[in-house]
Amino acid sequence: MPILEHLWIIPLLPLLGATVNGLLGRTWPNKIINSVAIGATGLSFLAALEAVREFFLLSSEQIPWVKQYFSWIEAGNFRAGFDLQVDQLTLVMLLVVTGVGWLIHIYSTGYMAHEGGYYRFFAYLNLFMFFMLILVLAANYVLLFVGWEGVGLASYLLIGFYFLRKSAADAGKKAFIVNRIGDFGFMLGMFLLFRTFGTLDFVKLFDKATPLSAEALGHLGTLTVACLLLFMGAAGKSAQIPLYVWLPDAMEGPTPVSALIHAATMVTAGVYVVARSHVLFMHAPTAMLVVAVVGCATALFAATIGLVQTDIKKVLAYSTVSQLGYMFLACGVGAFSAGVFHLMTHAFFKALLFLAAGSVIHAMGGEQDMLRMGGLSKKIKWTYVTMLTGTLAIAGIPPLAGFFSKDSILLNAYLSENSGPNVGHILYAAGLFTALLTSFYMFRLIFLIFFGKERYDEHHVHVHESPKSMLIPLAILAVLSIVGGWLAAPAFWGKSDYFAKFLEPVFAAPGGSEAGTAEAVAHALETPLAIIAVLTALAGLLAAYWLYVKQPSKSDSLAKSFRGVYQTLLHKYYVDEFYSAVVVRPLLWLSTNVFWKTVDVSIIDGAVNGIAEGITVVGDGTRRAQSGNTRSYAVWVVVGAIVIVAVIFWPHVRPVLGVAR
Amino acid sequence: MFPRTDDLLRALPELLWCGFGMFAMLLQPFVRSRHFFTVLALVGAVAGTGAAFVAGATPGEGFYGLIESDVFSFFFRLLIGMVAVLVVLAADSYLHRENLPFAEFYALLLFATAGMGVLASARELLTAFIGLELSSISSYILAGFRRDSMKSSEASLKYFLLGSFATAFFLYGIALVYGATGTTNLSRMDDADPGSSLLKLGLSLILIGIGFKVAAAPFQIWTPDVYEGAPTPVTALFSAGPKAAAFALLLRIFASVPAATHFWFWAFWVLAALTMFAGNLGALLQTNVKRLLAYSSIAHAGYILVAFAAVTFMANDLKGGAAPAYAAVLFYLLSYALVKIGAFTIVSEIGGWGEKNLTLDDYAGLAQRQPVAAALLSLYLLSLLGLPVTAGFFGKFYIFKAAVNSHLIWLAVLMAINSIIGAYYYLRVIVVMYMREGSAEAMAAAPVRFPVAVNVVLAITGIGTVYFGLFPNQVLNLILQPNLIAR
Amino acid sequence: MIPTNYYVVLSAILFGLGVLAFIFKRNIISIFMSIELMLNAVNLAFVAFSQAMHKVDGQVFVLFVIVVAAAEAAVGLAIIILTARNRQSLNVERVDLLKL
Amino acid sequence: MTATLIIFFVLAALAVGGALSLIFQKHPIHSALSLIVVMVALAGLYLLMGAEFVAAVQIIVYGGAIMVLFVFVIMLLNAGIEEHTNFSKLAGFPGLLLAFALTGFIAATIARATDTVQAASQPGNIASTRDLSNMIFRDFVYPFELTSFLILVAVLGAIVLAQRETRP
Amino acid sequence: MSSLFQGGHLLSILIFFPAVGSLALLLLRSDDHVFIRRIALIVSVAEFLFSLLLLRGAALTSGDYRLGEYGRWITTPPIHYHLGVDGISLFLVILTTFLTPISVLASWSSISHRVKEFFVMLLMLEVGVIGVFLSLDLFLFFLFWEVMLIPMAMLIGIWGHERRIYAAVKFVLYTMAGSILMLVGIIWLYNATGTFDLPTIQQMIQTGTLVLEPRAEMLLFLAFFVAFAVKVPLFPLHTWLPDAHVEAPTAGSVMLAGVLLKMGTYGMIRFCLPLFPDAARRAAPWVAALAIIGIIYGALVALVQPNLKKLVAYSSVSHLGFVVLGIFAFRNISMQGAVFQMLAHGISTGALFLLVGMLYDRRHTFEISEYGGLATPMPKLAAFFLVAALASMGLPMLNGFVGEFLVLLGTYQSHWQWASWAALGVIFSACYLLWSYQRVFFGEVANDKNKTLPDASVRERFILVTMSIVMLWMGIGSTYFTRRTAAASQTVIDQVEPQRPYEARVAAGVAAVVKALVGNTNNLRDAVEIPAAEGAKR
C-alpha cells in the first residue's frame with residue numbers, strides 16, 4: 001500500500017510546491033508557477049484518492065491506521081511524534097481539503113492572473129495546503145497543533161497579501177492574534193490532557209478516556225475543563241462567539257483565499273477538532289451543551305448581521321460564521337457525523353458561492369458593494385447559474401446538498417436528550433429561525449446582484465464573463481453542491497444514511513447517542529421536520545423576493561422605520577468597538593503609562609538611579625569634610641581618638657551587627 | 001661594647017639602606033652626574049633588599065630583643081625594598097623633569113626605607129618609634145621636596161604638623177603601656193593583664209598613632225591633601241611603604257600582646273567600616289586622578305582593616321583562623337603596593353612638567369594616544385577594583401575569606417557594597433580613557449615617551465599584578481607558614 | 001612622698017592642654033610649640049613611671065624623645081620657614097590650597 | 001602636707017600655668033617663653049623625682065637648644081601677633097569641647113588606673129647616670145645609632161627645605 | 001575522577017584558543033581592517049569547529065560531567081583548574097562559538113573605527129563566556145564570570161550609540177552588585193565545605209555529608225540567585241537590559257542576548273538548584289511568580305515600545321521568564337524545555353537583533369515610526385524578519401515553539417496555575433511582534449528615505465540564511481538536542497527533588513532512550529514508549 005505507508009507524501013507535495021515557488025518563483029512566468037502549484041495540489045489530491053482506495057482494503061482492526069515517522073519532541077515521558085493517522089473522518093477531510101483546494105488553485109490562476117506577487121500568492125496557498133493536510137492527518141494533538149498554527153500563519157499571510165493596504169495588514173494581524181487567544185485555550189487543554197492521560201496521541205488517549213464514566217452535567221470535571229479549553233481553541237479557529245470577529249475582516253484577502261481558507265477548509269478545523277475529540281466531549285455533557293449553545297447563538301447572531309450587509313463578501317463571511325455555528329450545534333447535540341456532513345456540503349456550496357462572488361467582483365472590475373450592482377443575470381449567465389445553485393443549496397432547498405445536511409442537524413438538535421428535551425427544542429427553534437434568515441439574506445444577495453436594474457454606470461464598468469479557468473471550478477462545485485448531499489438521502493426512505501454509516505466506526509465507538517436512539521425516532525420525525533425546514537426556506541426566499549424585486553423601495557423604508565435595529569446590525573452589534581474599548585485600548589494604556597513609564601522607568605530605574613544619586617550626594621558630603629584646614633583636621637584626629645577610646649572602653653556603643661555567627 | 005655580628009646581620013637591610021643614604025649625602029658635593037646617584041640609590045635599595053635574605057637566613061631576635069628577624073620581617077623588608085627600588089626607578093625622570101636635587105632625594109628615600117624596615121622588624125616600642133620617626137621625618141621632607149610649589153610645601157606642612165601630633169599620641173601610648181607593663185618590649189608583654197585600663201588606654205593611643213600612619217578614618221583626613229601635594233613618586237612611596245610598615249607593626253603587636261587583640265577587635269570593626277566608606281565616597285566625585293588615587297588608597301586601607309578585624313577576632317591562634325587572616329593582610333599589601341606604584345608612576349609621567357595634567361580631561365582619549373599606558377593603567381585600576389586575573393582580586397578574595405571565616409558577614413557585606421561604589425569611580429577613569437575623545441590639541445600632541453626606567457617599573461608592576469593574580473602560590477606558601485611571626 | 005599618679009595625671013593634663021593648644025592656636029609656630037608641650041607631657045609620664053618602678057629605661061626613653069624632638073624641631077622649623085616664604089603668612093588657616 | 005608635696009604643687013601649677021599661657025598668649029614669642037616656663041617646671045619635677053640627668057638634659061637641650069631655635073625662627077620670620085581667624089567651624093567650640101572631653105577622659109582613666117604602678121615613689125635609690133649610659137650604649141644601642149641617622153635626616157631636611165637658591 | 005581525564009585538553013583549547021587569537025590580533029601591527037576582520041573570522045570559525053568536537057566527546061548515558069580537566073592551581077585555599085561539560089553546558093558552548101563568527105560577520109562593515117580593539121574584545125568576551133560554561137570550580141567560575149564583564153562593557157561603551165557610556169557603566173555596576181554577593185556566598189560555602197569543587201560539594205549535599213541550616217541555606221541561595229537573576233534578567237532587576245541593548249552595537253546585542261543572558265539561567269541550573277535544593281524548593285513559588293510577572297510584563301512593555309531594539313530587548317525579558325519558570329518547576333520536561341528555550345532564544349532573538357542592526361546600518365535609527373512599508377524596497381529582509389519573528393513568537397516547526405511548549409507543559413504538570421498565567425505570554429508575543437512587524441514592513445513607504453534602501457547584501461543574506469536554517473532545524477529536529485540534555489537535566493532534577501516515583505519512571509525512560517541511541521535506532525520508539533508504557537500497541 002504505497003500511499004498509506006508513505007502518508008507523508010500527501011502533505012509534502014504542497015510543501016514542495018510552496019518552497020519551489022517561494023524561493024525561485026520570483027522571476028518565473030505565471031505558467032510555470034501555475035503548473036508547480038496546481039501540480040503539487042493535484043498530485044496530493046490524487047494521492048488522497050489513492051489513499052481512499054487503499055483504505056477500503058484495510059481490515060477494520062487496522063483502523064485507525066497510524067504511521068509513526070520520526071519523533072519530533074521528546075522530553076521525559078513526553079513524546080510528540082510526526083505521526084500521521086487515517087480513519088474515515090480523516091478521509092472526508094482529506095478529500096474536501098485536497099479536492100476543493102485543487103479546484104480553488106485552478107480558479108485562482110484565472111482570478112489572480114493580473115495581480116502582483118503572483119508567485120507569493122501560490123506559495124502561500126500551497127503552504128496553507130501543507131499545514132491543513134498536517135492538521136487533518138495528525139495522529140496527536142501536538143502535530144495537529146502544528147497544522148493548526150500553520151494554517152493560521154498561512155491565513156495571516158494571505159489576508160495580508162495586499163500588505164500595502166493598511167486594512168489588509170490589520171485584518172491579518174487581527175486574525176492571527178484572535179486565533180492565538182484560542183490557541184491559548186487549546187494549549188492549556190493539551191497540557192491538561194497530558195497531565196491526565198500521560199499522552200497526547202489520539203489512539204492511546206481515547207483508549208484511556210473511553211472507559212471513564214461521563215461527568216455529570218454542570219459538574220466541572222477534568223474532562224469538561226479540557227473539552228471547554230479545546231473548544232476555546234476551536235471557537236477561535238472556527239470564528240465562534242466571542243472570537244468570531246476576525247473572520248469578516250479576513251475578507252480583505254483575495255477572494256479565492258476567502259473561499260478556500262475562510263469558508264471551505266481552515267475555519268472548519270475547529271469543527272474537525274471537536275469531532276476528533278468526540279470521545280472526550282461525550283464524557284463532558286456540560287461542554288457539549290456549551291458547544292451547542294455557543295454554536296446555535298453564533299449561527300443566529302451572525303445571520304442577523306448578514307441581513308443588512310451590503311458588501312457581497314461580508315454577507316458571505318457572516319453566512320459562513322453562521323453555518324459554522326450550525327456545525328457546532330450539530331456536534332453539541334452529539335450529531336458529529338451530521339456536523340461533519342454539513343462541514344462537507346458547506347465546503348462545496350460556500351466555496352462555490354465565494355468563487356462565484358469572486359467572479360462577480362472580477363466581472364465588475366473589483367466592485368464589491370451589492371448596491372452598485374444589479375441586473376447582471378444576463379451579462380454573466382454562468383456565474384449567475386452557479387451562484388444560484390449555491391444559494392439554493394445553502395438555503396436548504398431539496399434536493400440540494402444543504403438541505404440534507406442542515407435537515408439532519410435540525411433533526412438531531414430536536415432529538416437531543418443531552419440536557420432535557422426542551423433545551424433541544426429551543427436549539428431546534430433557533431436553528432430553524434436561522435435557516436429562515438439564511439435563505440432571506442442569501443436570496444437578497446442574489447436579487448440585489450442579478451435582478452433589478454443596473455445600479456452602476458456602464459461607461460466605467462465593462463461587465464464580462466470570467467475565463468474558463470474560473471468557470472470550470474464553479475461548474476464542478478455547483479455539481480458537487482447538488483449531489484453532495486445525496487449520500488444522506490436514503491435516510492428518507494427508511495434506509496440508513498450512508499455518510500453516517502461511513503463515519504460510524506469513528507463516532508459510534510463510545511456508544512454515541514445518535515446511532516441507536518436516533519434511527520428509530522428519526523423515521524417518525526424525518527419527513528415533518530424536513531417539510532417545515534423547506535417551508536421556512538421558501539418563506540425566506542419570498543420575503544427577499546418581495547423586498548428586493550417587487551418593491552425595492554420598501555427595504556429602505558423598512559430600514560428607516562427600524563433605524564436603531566438597522567444601525568446596530570449594520571455595525572455588527574458594535575462588537576469590534578466594544579472589544580477595542582474594553583480590551584485593546586486599556587491594555588495599551590496600561591502597558592504604556594503604568595508598566596513602562598511608571599513601573600519600569602520611574603519606580604525601578606528611578607530607584608536604581610536614585611541610589612546612585614544618593615551615594616553621590618553623600619560622597620560630596622564626605623568631600624566637604626576635607627576642608628583643607630589643618631585645625632579641623634586636628635579636631636578630626638581628636639574625634640577619632642574619642643571614637644576609638646569609646647569603642648574600646650564602652651561595650652554598648654559597639655555595632656550591633658558586628659558578628660553574625 | 002660593639003654589637004655582635006648576628007645582630008648586625010639581623011639589622012643588615014636597614015644598616016645598608018642608611019649607609020647608602022649617608023654615602024649619597026657625602027658624595028653629593030663632588031658628583032654632578034644625576035645618573036650616578038640614581039644608580040647608587042638603586043644599588044643601595046637592591047643591596048638592602050638582598051640583605052633581607054641574609055637577615056632572613058639568621059632568624060632570631062637581635063640587639064637584646066629590640067628587633068626580630070623572622071619570616072614576617074623578611075617579607076616586609078622584601079616588600080619595602082621592592083617599593084624603594086621601584087620608586088628609585090620611577091623618580092629618576094621625575095627629578096630630572098622637575099630639576100630637583102638627586103642626592104638628597106635618594107638619601108631621604110633610603111633613610112625613609114630604613115625607617116620602615118625598622119618599623120617592620122622592631123619588637124620593642126621605642127625602637128619602633130625611632131623607626132617611625134626616621135621614616136616620618138624623611139617623608140615630611142620628601143613631601144615638601146618641590147620647594148617652589150605651594151602645594152608641595154603645604155602638603156609638607158600639613159603632614160608634618162598632623163604627623164607629629166599623631167606621633168605624640170603614639171608616644172604617650174607607649175608611655176602608658178610602659179607604665180602598665182613596666183616594659184616596652186613586646187615579647188615581654190604576653191602576660192599583660194587584659195583588664196588593666198592603663199594598658200587599654202595606652203594601646204588605644206598607640207592605635208591612634210598607627211591609625212594615622214595607615215590613614216584609617218577618621219585619621220585619614222590628611223591623606224588626600226598630602227598625596228596630592230607631594231611629588232608623585234613620593235606619593236607612590238607614601239601609598240605603599242609607610243602604610244605597609246605601620247601595618248606590620250600592628251600585626252607584630254597582635255602577635256605578641258594577646259591583650260591587645262581583645263581590646264582592638266571592635267575598634268578595628270568600626271575603623272574598617274568608616275575607612276572604607278570615607279575613601280570610596282570621597283573618591284566618588286574626584287576629577288583629579290592623583291587625588292582620586294589618594295582616596296582609593298584610603299579605601300584600601302579600609303579593606304585591609306577588615307582583615308585586621310578578622311585577625312583580632314581570631315585572637316592569635318596561628319594554626320587555625322588567624323593564619324589566613326594574616327596572609328590576607330600581607331598578600332593584599334603586596335598586590336596593593338605593586339598596583340599603586342604602577343598607577344602613580346603612570347600618573348607622574350602623564351602629569352608632565354609641574355604635574356599639570358592630572359585631571360580626568362587630560363586622560364580623555366588616552367587609549368588612542370598611548371594604548372599601552374592606558375591598558376596598563378586600566379589593569380591597575382581593575383586590580384584596585386578587584387576584578388579577576390589581577391592580584392587585587394585575589395587579595396580581596398582572601399580578605400573576604402578571612403572576614404567570612406571569622407563570621408564577620410556584615411563587615412564582608414559592607415566591603416562588598418564598598419567595592420561596588422569603588423567600581424564606579426575606577427570605571428569612570430577607564431571610561432574616560434577608552435570611551436571619550438580627547439581634546440583636539442591633546443590628541444594632536446605627540447605621545448609622552450616613557451623613559452626606560454619607568455618602563456621597567458611598569459613592566460615589573462604590570463607583570464607582577466597579573467602573575468600574582470593567577471599564581472599566588474609562592475607568596476602564599478611563604479606567608480602561610482605557622483611560624484610566620486616569632487612570638 | 002608624692003604618689004606617682006600625681007605626676008602622671010599632671011602629665012595627662014599637660015598633654016591635654018597640648019592637644020587643646022594644637023586646635024586653638026593659629027600661628028604655625030605656636031602649634032608646633034604645642035606639639036613640644038605634648039612631648040614634654042610624655043616625658044613626664046616616662047620619668048614618673050620609670051622612677052616608680054625603679055627602672056632606668058624610662059629615662060633613656062626620655063633622652064630619645066628629646067633627641068627626636070630636636071630633630072623634629074629642625075625639620076619642622078625648616079618646613080615652617082619654607083611655608084612662610086611661599087605664602088607670606090604664618091596663619092595655618094591660610095594654608096588651605098589643598099582641599100576637598 | 002610635706003614640703004616636697006608643696007614643691008610639687010607649686011611646680012605643677014607653674015607647668016599648667018605656663019601651658020595655659022602658651023595657649024592664650026597672642027604673640028608667638030610669648031608663647032615660646034611660656035613654653036620655656038613649662039619646661040623649667042618639668043625639669044624641677046624631674047629633680048624632685050631624683051632624675052638629675054634627665055633634668056639637666058631637659059634644661060640644656062630643650063630649654064636651651066630647641067627653644068632658642070624656636071625663638072630664633074620667630075625672629076627670623078618676625079612673626080607678629082597671630083591673626084585671630086575662625087575659618088574652621090569644627091575647631092571652634094565643638095573642637096575645644098572634644099579636646100576637653102578627651103583630656104578629661106585620659107586624666108580620669110589614669111587617675112583611676114595608676115594602681116598598677118606603686119602608689120608612692122621613694123627617692124634615693126634612683127638609677128645612676130652609669131646605669132643610664134649602660135642602658136643607652138648596650139641595650140638600646142640600636143635605636144641610639146638610628147637616632148644619629150635621624151639627626152642626619154634632620155640636617156638634610158633643613159638644608160633641602162630652607163636653603164634659598166634652587167640649584168641649576 | 002578518572003573518567004575526567006579522558007578527552008585530552010579540548011576544553012582548555014576551547015577556552016583559550018580565542019584568547020590566543022585575540023593576542024595575535026593585538027600583537028600584529030596591522031591597520032588593514034579587512035585583514036584584521038579575516039583573522040577574527042578565521043579564529044572564531046575555527047573555534048566553532050573545535051566546539052563541534054564536543055558533540056563527539058560528550059556522552060549521553062549519564063548526567064555527570066565529561067571531558068573533564070582537573071589540575072592543581074592554588075594550594076591554599078584548594079582551588080583547582082577543573083573543567084567539564086555535560087548535556088546542559090554542551091550546547092550553550094556551541095551556541096556561543098556559533099554566534100561569535102556570526103557577530104564577526106555582522107560587524108564586518110558596521111564597525112569602522114578601532115577595528116582591532118573591537119575584535120579583540122569580541123574574542124575575549126567569548127573566552128569569558130565559554131569559561132563560565134565549562135568551569136566546575138566555584139572560584140574558577142566566578143573568575144570567568146567577572147572577566148567577561150569588561151569586554152562586554154567595552155563593546156557597549158566604545159562602539160555603542162548615544163548614551164553608550166551610561167549603559168556600559170550601568171551594565172557593569174548592576175552585574176557586579178549581584179556577583180560580589182555571590183563571591184561572599186561562594187566563600188561562605190567554602191567555609192562550610194572546605195572546597196570550591198562543584199561536583200564534590202554536590203556530592204556532599206546529596207549524600208548528606210553537608211547539611212546547611214535553613215536560614216544559612218536560604219541566604220546562600222539568595223546570594224547566588226540574585227547574581228544570576230540580574231544577568232537573566234529577572235523581573236525587578238531587568239532595567240539594565242534595555243539600555244545595554246539599545247546602546248550596544250549589533251554584535252554586542254547578539255552576544256548579550258544570545259549568550260550572556262543564558263549565563264544567568266545556566267547558573268541557576270548549575271548552582272542554585274543542586275547546591276541548595278531545599279532553599280530552591282522553598283523559594284520556587286516566589287521565583288516563579290517573578291518569572292511569570294516577567295513574562296507578561298516584559299511582553300506588555302515590549303508591546304508599546306516606540307524603539308524597535310528596545311522592543312526586542314523587552315521581549316528577551318519575557319522569553320527568559322519562560323526559562324526561569326521552566327527551571328523552577330522542577331520537572332524534567334520543563335527543565336529540558338528551559339534548556340532548549342535558552343538555545344532557541346539565543347538563535348531567534350540573536351537573529352532579530354541582527355536584522356534590527358541591518359536596518360540601523362541603513363537608516364541609523366531604531367524608531368519604528370521612522371520605518372514603514374519596508375517590505376517593498378527590501379522583500380528579502382522582510383521575509384527573514386518574518387521568519388525570525390515567527391520563531392520568536394513560538395510558531396511550531398520553528399525553534400521557539402519547542403522550548404515554550406515543553407516549559408509550559410512541564411510546569412503545568414506540577415503547577416497548572418503557573419503554566420496558565422505564563423501561557424498568556426504566548427498571546428502577547430504574537431501581539432507585539434506582529435504589530436511591530438506590520439508597522440515596520442507593511443503599508444506604503446511613508447518616509448522617502450526608505451524608498452531607496454538596498455535589500456540584504458550577500459553577506460547579510462548568508463548570515464540570515466544560516467540563522468533561518470538553524471531555526472528550522474531546531475524546530476523540527478528538536479530531539480537531537482533534547483536527547484542530549486535529557487540525562488543532565490534529569491540529574492539536576494534528581495538533586496532538587498529526590499525520590500519521586502514519577503520522575504524515577506522518567507529516568508528509566510531516559511535511560512531506555514539512551515540505550516536505544518547507543519544501540520541501533522530502530523527500537524528507539526519502543527524505548528521511548530517505556531515511560532508511558534500504557535496505550536495500545538500495534
Side-chain angles (χ1 to χ4, degrees), chain C residues 1-10 12-21 23-27 29-30 33-34 36-37 40 43-44 47-49 51-57 59-60 62-64 66-71 73-75 77-82 84 90-91 93-94 96, chain D residues 4-5 8 12 15-16 19 22-23 28 31-32 35 38-39 42 45-46 49 51 54 57 61-62 65-66 69-70 73-74 77 79 82-83 85 87-88 91 95-96 99 102-103 106-107 110-111 114 117-122 126-127 131-132 135-136 140 143 147 150-151 154 157-158 161-162:
Chain C
M1 294 310 103
I2 304 148
T4 311
N5 51 0
Y6 282 28
Y7 292 104
V8 190
V9 169
L10 175 60
I13 292 167
L14 288 178
F15 187 83
L17 288 174
V19 175
L20 215 56
I23 296 173
F24 187 75
K25 304 300 283 183
R26 279 82 170 170
N27 186 311
I29 305 179
S30 319
M33 286 187 217
S34 55
E36 295 294 340
L37 178 56
N40 275 289
N43 290 348
L44 181 55
V47 176
F49 284 127
Q51 183 259 3
M53 292 180 289
H54 306 300
K55 286 190 167 197
V56 191
D57 43 12
Q59 302 184 24
V60 179
V62 173
L63 298 184
F64 279 118
I66 292 174
V67 176
V68 170
V75 174
L77 291 171
I79 293 174
I80 290 172
I81 292 170
L82 178 61
L90 280 173
N91 182 345
E93 293 206 309
R94 299 213 177 280
D96 59 352
Chain D
T4 45
L5 203 52
F8 169 79
V16 174
L22 159 64
I23 296 177
S31 303
L35 183 56
V38 178
M39 289 169 171
L42 289 183
L45 287 171
Y46 296 154
M49 282 186 276
V54 177
V57 175
V61 179
Y62 245 131
I66 298 181
L69 192 56
F70 270 91
V73 169
I74 295 171
L77 303 175
E82 77 175 28
E83 55 173 337
T85 52
F87 297 155
S88 161
L96 301 183
L102 187 64
T103 318
I106 294 175
I110 289 172
T114 32
V117 296
Q118 289 143 358
S121 66
Q122 48 276 70
I126 185 69
D131 308 341
L132 254 173
M135 262 290 178
I136 293 178
F140 286 92
T147 45
L150 196 60
I151 293 165
L161 294 175

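First the proteins, then the strands, lettered A, B, ... as listed; each starts at 1.
Both the backbone and the side chain of V47(C) have a heavy atom closer than 4.5 Å to some heavy atom of chain D. For V60(C), the parts sitting under 4.5 Å from any heavy atom of chain D are the backbone and the side chain alike. The contact between L14(C) and chain D is made entirely by side chain atoms (from C-beta outward), counting heavy-atom distances below 4.5 Å. With a 4.5 angstrom heavy-atom cutoff, D96(C) does not touch chain D via any of its atoms. Both the backbone and the side chain of A70(C) have a heavy atom closer than 4.5 Å to some heavy atom of chain D. If you measure heavy-atom distances from I23(C) to chain D, the contacts under 4.5 Å come from both the backbone and the side chain. For A65(D), no part sits under 4.5 Å from any heavy atom of chain C, backbone or side chain. Contacts of L63(C) with chain D are made by side-chain atoms alone, with heavy-atom separations under 4.5 Å and no backbone atom involved. Looking at L90(C), the atoms closer than 4.5 Å to chain D (heavy atoms on both sides) all sit in the side chain, from C-beta outward. Proximity to chain C is limited to the side chain of L35(D), based on heavy atoms less than 4.5 angstrom apart.
With values rounded to the nearest 0.5 angstrom, L132(D) atom CG is found 9.5 Å from D57(C) atom CG. Here the straight-line distance linking atom NZ of K55(C) with atom CG of D131(D) works out to 13.5 Å at 0.5 Å rounding. We find the CG-CG distance between L77(D) and L77(C) to be 8.5 Å, quoted to the nearest 0.5 Å. Here the straight-line distance linking atom CD1 of I29(C) with atom CZ of F70(D) works out to 8.5 Å at 0.5 Å rounding. Taking CD1 of I110(D) as the reference point, atom CD1 of I13(C) lies at 9.5 Å (rounded to 0.5 Å).
The two residues N5(C) and A111(D) make their nearest non-hydrogen contact at ND2-O, 3.9 Å. Of all heavy-atom pairs between F64(C) and T147(D), the closest is CD2-CG2, 3.5 Å. Nearest heavy atoms, V75(C) versus A154(D): CG2-CA, 3.5 Å. Scanning both residues, A78(C) and A158(D), for their nearest heavy atoms gives CB-CA, 3.8 Å. Contact detail for S31(D) and M33(C): the closest heavy-atom pair is C-SD, 3.7 Å. Among all heavy-atom pairs drawn from R26(C) and T85(D), the shortest one is NE-O, 2.7 Å.
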**Study point:** Stepwise side chain to side chain contact (heavy atoms under 4.5 Å, CB included) test for M49(D) and L44(C)
**Key:** CA-CA 10 Å; M49(D) 282 186 276; L44(C) 181 55; 3.8 Å; yes

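Considering only heavy-atom pairs separated by less than 4.5 Å from chain D, the leading option among I79(C), L82(C), L37(C), V62(C) is L37(C). Most heavy-atom pairs under 4.5 Å with chain D, from the set A21(C), G18(C), S34(C): that is A21(C). Contacts with chain C were tallied for V61(D), L102(D), L22(D); L22(D) has the most, counting heavy-atom pairs under 4.5 Å. Per-residue heavy-atom pair counts under 4.5 Å with chain D were compared for I80(C), L10(C), V19(C), and the maximum is reached by L10(C). Heavy-atom pairs under 4.5 Å with chain C peak, among G157(D), P28(D), A107(D), at P28(D).
Using cut-offs of 30° and 60° on the angle between ring planes, the pair F8(D) and Y7(C) is perpendicular.
Counting only heavy atoms from C-beta outward, the side chains of L42(D) and N43(C) never approach each other to under 4.5 Å. Within the 4.5 Å cutoff, no side-chain heavy atoms of L20(C) are placed close to those of T103(D). Put simply, the side chain of V54(D) does not reach to within 4.5 Å of the side chain of Q51(C), judged on heavy atoms.
Residues passing the ring pair (Phe, Tyr, Trp, His ring centres under 6.0 Å) test with F140(D), sequence neighbours excluded: F61(C). With sequence neighbours left out, the ring pair (Phe, Tyr, Trp, His ring centres under 6.0 Å) criterion links Y62(D) to no other residue.
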